[in-house]
Amino acid sequence: MCPFQTMPPRQPPGWRNFRMDASMDLISSPQALRDTCRAWSKAGLTIALVPTMGFLHDGHMSLIDEARRRGDKLVVSIFVNPTQFGPNEDLDRYPRDLPRDLALAEAHGADLVFAPEPGAMYAPDHATWVEVPELARGLCGASRPIHFRGVCTVVLKLLNLVRPDVAVFGQKDWQQLAILRRMARDLDLDAQLMGMPIHREPDGLAMSSRNVYLTPVERAKAPAIREGLLLVRAAVAAGERDAETLGRMFGAHLAQALPGARIDYASFVHPDSMEPVARMDAATLFAVAVFVGSVRLIDNILLEV
Ligand code: PAF
């Protein structure tokens with residue numbers, strides 16, 4: 001029995017009856033999505049895709065706005081993909097608000113929102129997975145072993161259904177984008193995969209759907225993560241090149257500014273290959289994941305040398 005078939009519905013009751021303005025379609029069937037996009041392509045229209053897990057925030061909006069500029073037709077997918085969550089992760093409590101997401105997508109010019117049920121995306125005997133293990137070993141892949149396999153598989157499915165000219169992703173999930181780009185290159189996919197800069201709250205905290213889990217005290221202190229990244233950037237600008245020293249600097253800052261937080265990783269890696277970097281001789285990504293209470297927040301900064 002496929003686990004996805006037995007999951008309770010993830011969409012709010014009555015969502016299928018959401019009254020759509022004539023200008024935006026809501027589709028839940030993969031075949032209907034494929035048919036619509038095929039008709040657009042046959043008519044010579046370009047298509048831009050923004051894959052999301054919903055609970056849209058301003059970060060998503062920056063992706064949607066960019067995609068709007070880049071395609072004649074704009075598709076936004078909203079799907080909390082169960083296969084990228086480990087058994088003890090937050091699939092069940094991942095925030096969802098489809099009616100609000102639909103209103104936002106429409107206000108930002110989406111032509112179509114694709115919001116399938118898990119059972120429509122994964123057949124009961126689904127057995128095919130796409131992986132890029134070399135790039136998925138470290139960083140988020142180390143503590144979330146099946147995460148990127150689920151991401152690659154669902155994104156490839158979406159790219160196959162939509163056949164977009166361009167698909168837009170956020171650089172907060174830098175490793176995700178590097179992995180998807182490698183997948184696209186290795187499998188000769190057509191779509192151009194674009195990355196958009198991290199969108200931040202006014203106090204510097206990277207926007208994330210998971211920020212709503214933070215308690216008011218945690219939320220007030222969470223910008224310390226970004227401050228730590230900037231501290232490291234300043235040290236690099238001042239000439240420090242040793243990753244271990246820079247990592248210790250980040251740890252010391254967090255211990256003082258965000259006591260009780262637990263660093264899952266704070267890693268210096270090559271921005272494309274995700275290979276660890278011990279000494280910075282070229283542009284290097286500093287990527288971190290930090291547990292603030294039970295909430296795991298990620299952030300990163302590209303350090304130019
Ligand atoms: O970045 C996300 O929100 C998800 O990983 C994605 C790309 C929509 C795949 O489920």
Side-chain angles (χ1 to χ4, degrees), residues 4 7 10-11 28 30 33 48-64 66-67 74-86 89-98 101 104-105 110 112-118 120-122 126 129-132 135-136 139-141 143-162 164 166-184 189 191-199 206-213 274 287 289 295-300:
F4 315 120
M7 283 175 181
R10 302 282 172 208
Q11 312 293 358
S28 60
L33 174 67
L49 168 69
V50 183
T52 81
M53 297 208 300
F55 211 68
L56 303 179
H57 50 66
D58 284 355
H60 294 112
M61 292 309 143
S62 71
L63 312 186
I64 290 174
E66 183 61 27
L74 168 57
V75 177
V76 176
S77 66
I78 297 178
F79 179 56
V80 183
N81 172 36
T83 65
Q84 66 188 74
F85 288 79
E89 294 183 5
D90 56 348
L91 173 61
D92 286 330
R93 67 178 193 126
Y94 195 85
R96 294 162 170 86
D97 189 346
L98 188 66
D101 288 347
L104 283 170
L112 188 166
V113 166
F114 176 57
E117 294 287 348
M121 289 297 278
Y122 294 102
H126 179 94
W129 301 101
V130 186
E131 288 189 79
V132 188
L135 276 69
L139 309 186
C140 288
S143 50
R144 306 185 72 190
I146 61 155
H147 175 67
F148 289 118
R149 184 188 83 159
V151 170
C152 286
T153 303
V154 80
V155 170
L156 182 57
K157 284 163 75 68
L158 292 168
L159 293 174
N160 277 337
L161 290 168
V162 175
V166 58
V168 185
F169 299 86
Q171 288 175 342
K172 181 165 72 68
D173 299 290
W174 187 291
Q175 186 181 18
Q176 166 173 282
L177 183 57
I179 288 173
L180 291 173
R181 281 188 165 140
R182 184 67 66 90
M183 172 186 82
L189 303 184
Q192 178 203 349
L193 305 194
M194 264 197 73
M196 291 296 289
I198 298 175
H199 221 73
M207 285 192 185
S208 163
S209 303
R210 290 189 169 98
N211 289 351
V212 293
Y213 300 153
M274 299 288 116
V295 189
R296 186 173 175 280
L297 300 177
I298 60 172
D299 205 339
N300 65 68

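Everything numeric here is computed off the predicted structure, so don't read it as measured data. Read the numbers this way: they start at 1 and go in the same order the structure lists the ligands and their atoms.
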Discussion item. Closer than 4.0 Å to some heavy atom of V154 - which atoms of ligand 1 meet that?
Written reply: 9 (C), 10 (O)
Fill in: Interfacing atoms of ligand 1 (cut-off 4.0 Å, heavy-atom, P51)
8 (C)
Worksheet item: When you measure from atom 3 (O) of ligand 1 to every protein heavy atom, which one gives the shortest distance, and what is it?
Response: M53 CG, 3.7 Å
Discussion item. For the 3.5 Å polar cut-off, considering only N or O atoms, please tell me whether T52 and ligand 1 meet it.
Written reply: no
Worksheet entry | Any donor-acceptor N/O pair, E117 side chain to S28 backbone, under 3.5 Å | no
Practice prompt. Pull out every atom of ligand 1 sitting under 4.0 Å from any heavy atom of Q176, numbered as shown with elements.
Written response: 1 (O), 2 (C), 4 (C), 5 (O), 7 (C)
Practice prompt. Would you confirm whether N211, through its side chain, and L297, through its main-chain N or O, come within 3.5 Å as a donor-acceptor pair?
Written response: no
Discussion item. Under 3.5 Å between any N/O of N81 and any N/O of ligand 1: does that happen in this structure?
Written reply: no
Item to complete: Please report the closest heavy-atom contact between D101 and G54, naming both atoms and the distance.
Response: OD2-CA, 3.3 Å
Item to complete: Check whether any side-chain heavy atom of H60 lies under 4.5 Å from a side-chain heavy atom of L104, and answer yes or no.
Response: no
Worksheet item: So, does K172 use its side chain to make a donor-acceptor pair with the main chain of S208 at under 3.5 Å?
Response: no
Worksheet item: Short list, please: which atoms of ligand 1 are under 4.0 Å from a heavy atom of Q84?
Response: 4 (C), 5 (O), 9 (C), 10 (O)
Worksheet entry | Side chains of Y94 and N81, donor plus acceptor under 3.5 Å | no
